[in-house]
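Numbers restart at 1 for each chain; the letters A, B, ... are given by sequence-line order, proteins then strands.
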Amino acid sequence: MQELSLLHIEDNAGDILLTREALEEICPDVKFHTAANGIEGIDFLKNCLVHQHSLPQIILLDINLPKMSGFDVLYWVKSHPQIKNTPVIILSTSSNPKDIQKAYDLHANAFIIKPLEIIEFQNTIESFIQFWVRTVQLPGKKQKPNES
Amino acid sequence: MEKMQILLVEDNPGDIFLTREALEESKIPCAIDVVEDGESAISYLKNAELQQNLPDLVFLDINLPRKNGFEVLKYIKQAKETCKVPVVMLSTSSSPKDIAKCYERHANCYITKPTDVEKYQQTIGTIEKFWFQIATLPSSKD
């Protein structure tokens, strides 16, 4: 499997731990970056550009974040000429249809409601990997062999 | 359970057959409409919008007669009502330029069609699982 670099913008330490563990179990070589609020997330992305580091291939983004909401981060990412192609997957506890609609309006690539139960959460992350890492062609990557 | 409405925009009869077969085997009941060129896709969507019956998900090829997939994607993502509908690009092209062009036009994801039949069907199964069981669609009524 190709190496994966992911930015998780999330303020809940438990959710970060669960996501990291599930990801590392499936993708041991994952480069897992975290930001605890929206401003940190944007600073991380700006730093990647300033220091000419590779941008993360996928952004996992919560909605309810301190300092700057996930919607504001999403709008910023999708308006930035050098970052807008990066897939942003919303991972939120919200199941409010208004939040879901708003996320898709702002060009979120997908919206996932965080399962509350640990096993289900791990299964969700596993399916997320199966789809976004093993099946989808991400922007800025070389041709992927047809894995399954 | 309400059926998921899928619009498949594809001109290759073999791919239409395989996609339909894989989706019909899915755990989630699906209703699949097929249009075989870009202009028909746009007409279908305009009509669906008028009837407030937009598809839950669009599978879109790039190389299509009349209008290509890029033009259809641009229409979907620029029109106020259709812009939310997730679009899965499904193409034989693995050109980084084509991939980047689709993400620039807000495709939700891009998948290169496997040439092997079994892998093709597995891929459709993975798409179906992610979009219908893991992700929440904008059309969700929860």
Which atoms form the tightest heavy-atom contact between [X] and [Y], and what is the distance?
X       : Y       : value
Q101(A) : P138(B) : NE2-O, 2.6 Å
I134(B) : I112(A) : O-CG2, 3.8 Å
T136(B) : Y104(A) : O-OH, 2.7 Å
V136(A) : Y103(B) : CG1-OH, 3.2 Å
H107(A) : K77(B)  : CE1-O, 4.3 Å
I99(B)  : Q137(A) : CD1-CB, 3.8 Å

Mind checking whether F131(A) and W131(B) have parallel, tilted or perpendicular rings, split at 30° and 60°?
-> perpendicular

Should the ring pair W132(A) and F130(B) be called parallel, tilted or perpendicular, given that the plane angle runs from 0 to 90° and is split at 30 and 60?
-> perpendicular

Rounded to the nearest 0.5 angstrom, the NZ-CG distance for K80(B) and D105(A) is 8.0 Å

Output the distance between atom OG1 (T135(A)) and atom CD (Q122(B)), rounded to the nearest 0.5 Å.
-> 9.5 Å

Taking a hydrophobic cluster as the set of Ile, Leu, Val, Met, Phe, Trp and Tyr residues connected by side-chain heavy atoms closer than 4.5 Å, whether directly or through intermediates, do L17(A) and I125(A) fall within one such cluster?
-> no

Should L49(A) and L138(A) be regarded as members of a common hydrophobic cluster, given that ILVMFWY residues are connected when their side-chain heavy atoms come within less than 4.5 Å of each other, either directly or indirectly?
-> yes

Taking everything shown except [X] itself, do over 12 heavy atoms lie less than 6.0 Å from its [atom1]?
X       : atom1 : value
E25(A)  : CD    : no
E24(B)  : CD    : yes
E117(A) : CD    : yes

Contact origin within A103(A) toward chain B - heavy atom pairs under 4.5 Å | neither

Using a cut-off of under 4.5 Å on heavy-atom pairs, state which of A107(B), C109(B), A135(B) scores highest against chain A.
-> C109(B)

K129(B) portion near chain A, given a 4.5 angstrom heavy-atom threshold = side chain

